[in-house]
Engineer: 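Mind having a look at this structure? Questions to follow.
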Number of protein chains: 2
Amino acid sequence: MVTAQAAREKARTGARRGGREENERLILEAAEAVFAELGFKGATTGAIAERAGLPKANVHYYFPSKDDLYRAVMARVLDRWLAAASSLDDSDDPKDALTRYIAAKMELSRAMPLGSRIFASEIMRGAPAITDHLETTLADWVARRGAIVRRWIAEGKLAPVDPKVLFYMIWATTQHYADFARQIEVLNGGRPLSDEQFAEATRQVARTILRGVLA
Amino acid sequence: MVTAQAAREKARTGARRGGREENERLILEAAEAVFAELGFKGATTGAIAERAGLPKANVHYYFPSKDDLYRAVMARVLDRWLAAASSLDDSDDPKDALTRYIAAKMELSRAMPLGSRIFASEIMRGAPAITDHLETTLADWVARRGAIVRRWIAEGKLAPVDPKVLFYMIWATTQHYADFARQIEVLNGGRPLSDEQFAEATRQVARTILRGVLA
DNA sequence: GCCATTGTTGACCAAACGGTCAGGGCCATA
DNA sequence: TATGGCCCTGACCGTTTGGTCAACAATGGC
């Protein structure tokens, strides 16, 4: 059973066109772009299908409803974020830890701005699809990392600051470079930030926040 | 002509039900709430009408198209923001000026979170309705206030920092309390920030950013 | 070659949408 | 009380939408 299934799975991963794996990936990528640009309601399964290069009915074959597809996209986004979130480690040195974390979040905004925008839209809608994620995974993260920040403060390494205020400032500032990329582009003379400009912004953001909270 | 019109206008502002002024206000307020929650496409003229307590056809009487209504809402939002934006004045003391500005932006996020969310959605859609506003009014603002920041730096009052990086940090952090209020609420145990909590957050945000950029 | 499973798709449908319109109500002026 | 200018709205319309379905490949085990 398992072997037969595995063999079938393996056969499918060849150079052949289509197939579950590739089509699901195509659809999820298209959906991410369309949801990010038009929001949940504005995105149409037709537009997603067109962007994926598939007929609309085929999209509904893999993802029965628009809501299912949306949740699958959100799950992918949250997974990727979780990986980056671990870069705020329990180091002895808050300077290194925070610098790494800010850099990781900025990198994520640079490499995957669409996910950040979908997340922002989801929160602004009242987070109907991810409330439980916020209540469990994220609340856990904040509690754990908040304790670390408080320890740093107790050790005299950090100025006294509510960990949440610090986290919100980091999240807001770094995600701003993804969510408001269009505004930043216009204020940059109509051109998106170059790699150098973005790297410089990353450095300055990290430096400013660190000056703000280091003891 | 003018006097007759003025008299009619005055008569209309009495206790009477309906009338252009009141209905337009009702519609704009309802539209602000619905656009903020559902986005441009997700908001329906029917939902806006229902929230305003008016028939849908009446909404279309005052605002011929959904797009007209949306632009009217955006104009109101931008007007209110412009007023707050002036609180970053050309003071000798960057500490006072930035503190005032951050407090004004936080106050705006507290009092009018809906406008902030509509603005965020608009930017994430690519800012089709306000690109010219960004290119003119906002670009002007940034140029002018950026010059002030650079002067402060030259005078040794501020650490060297790209004014835009500073502005983005202030905008992102303060607007975060409006746009991500739902997330903040969940991480606050399911209750919105109290007035005291919000005031404390305002203080800490201002203090942290000031430590970050003051020389 | 046969069959079961999986994948594919054009055509279709009910619901919801933005917007229209004709007909009527209201009120100040004459 | 007749007139003209706003204001109001139920009923309606064409289009778009998410979703369905029946018919039809394609594949792999036997």
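So that the names make sense, note that chain A is the first sequence line, chain B the second, and so on, each numbered from 1.
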Engineer: B/Lys66 has an atom NZ; how far is it from atom P of C/dT20, in whole Å?
Structural biologist: 14 Å
Engineer: Specify the angle, to 10°, made by the local axes at the two ends of the helix from C/dG1-D/dC30 to C/dA30-D/dT1 when five pairs are taken at each end.
Structural biologist: 0°
Engineer: Please determine whether a side-chain nitrogen of the Lys or Arg among B/Arg100 and B/Asp89 lies less than 4.0 Å from a carboxylate oxygen of the Asp or Glu.
Structural biologist: yes
Engineer: To the nearest angstrom, how far is A/Lys41 atom NZ from D/dG18 atom P?
Structural biologist: 8 Å
Engineer: Using atom CG of B/Leu54 as one end and atom C1' of D/dT9 as the other, report the distance to the nearest whole Å.
Structural biologist: 11 Å
Engineer: Going through the distances and angles, do A/Tyr70 and A/Glu122 end up as a side chain to side chain donor-acceptor pair (under 3.5 Å)?
Structural biologist: CA-CA 10 Å; A/Tyr70 179 73; A/Glu122 169 67 13; 2.5 Å; yes
Engineer: Would you say the side chain of B/Glu200 lies within less than 4.5 Å of the side chain of A/Asp162, judging by non-hydrogen atoms?
Structural biologist: no
Engineer: For the residue pair A/Phe119 and A/Trp81, is the inter-centroid distance of their aromatic rings smaller than 6.0 Å?
Structural biologist: yes
Engineer: The side chain of A/Thr45 is closest to which nucleotide in this list: D/dG18, C/dT9, C/dT8?
Structural biologist: D/dG18
Engineer: Just call it for A/Ala49: base, sugar-phosphate, or nothing, with non-hydrogen atoms closer than 4.0 Å on any strand.
Structural biologist: nothing
Engineer: Please determine if A/Glu107 and A/Arg110 form a salt bridge, counting it only when a charged side-chain N lies under 4.0 Å from a carboxylate O.
Structural biologist: no
Engineer: Is A/Asn58 close enough to C/dG10 that one of its side-chain N or O atoms is under 4.0 Å from OP1 or OP2 there?
Structural biologist: no
Engineer: Would a 4.5 Å heavy-atom cut-off, applied to side chains only, mark A/Asn23 and A/Val59 as touching?
Structural biologist: no
Engineer: Classify B/Ala43 by what it touches in the nucleic acid, base, sugar-phosphate, or nothing, heavy-atom distance under 4.0 Å.
Structural biologist: sugar-phosphate
Engineer: Measure from the side-chain heavy atoms of B/Pro55 and tell me the nearest of D/dC7, C/dG19, D/dG10.
Structural biologist: D/dG10
Engineer: Are OP1 or OP2 of D/dC8 and a side-chain N or O of B/Tyr61 less than 4.0 angstrom apart?
Structural biologist: no
Engineer: Roughly how many Å is it from CD1 in A/Ile27 to P in D/dG19, rounded to a whole number?
Structural biologist: 14 Å
Engineer: Where do A/Pro192 and A/Glu185 come nearest, in terms of heavy atoms and distance?
Structural biologist: N-CG, 3.6 Å
Engineer: Please report the distance, rounded to the nearest Å, between CD in B/Glu50 and P in D/dG10.
Structural biologist: 13 Å
Engineer: Would you say D/dG18 has OP1 or OP2 under 4.0 Å from some side-chain N or O of A/Ser65?
Structural biologist: no
Engineer: On a plain distance test, is the side chain of B/Lys56 in donor-acceptor contact with the base of C/dG19 below 3.5 Å?
Structural biologist: yes
Engineer: Rounded to the nearest Å, what distance is computed from the CD atom of residue A/Glu21 to the P atom of nucleotide C/dG7?
Structural biologist: 12 Å
Engineer: Whole Å only: how far is the OH atom of A/Tyr62 from the P atom of D/dG18?
Structural biologist: 20 Å
Engineer: Check the distance between C/dC13's P and A/His60's NE2 and give it to me in whole angstrom.
Structural biologist: 17 Å
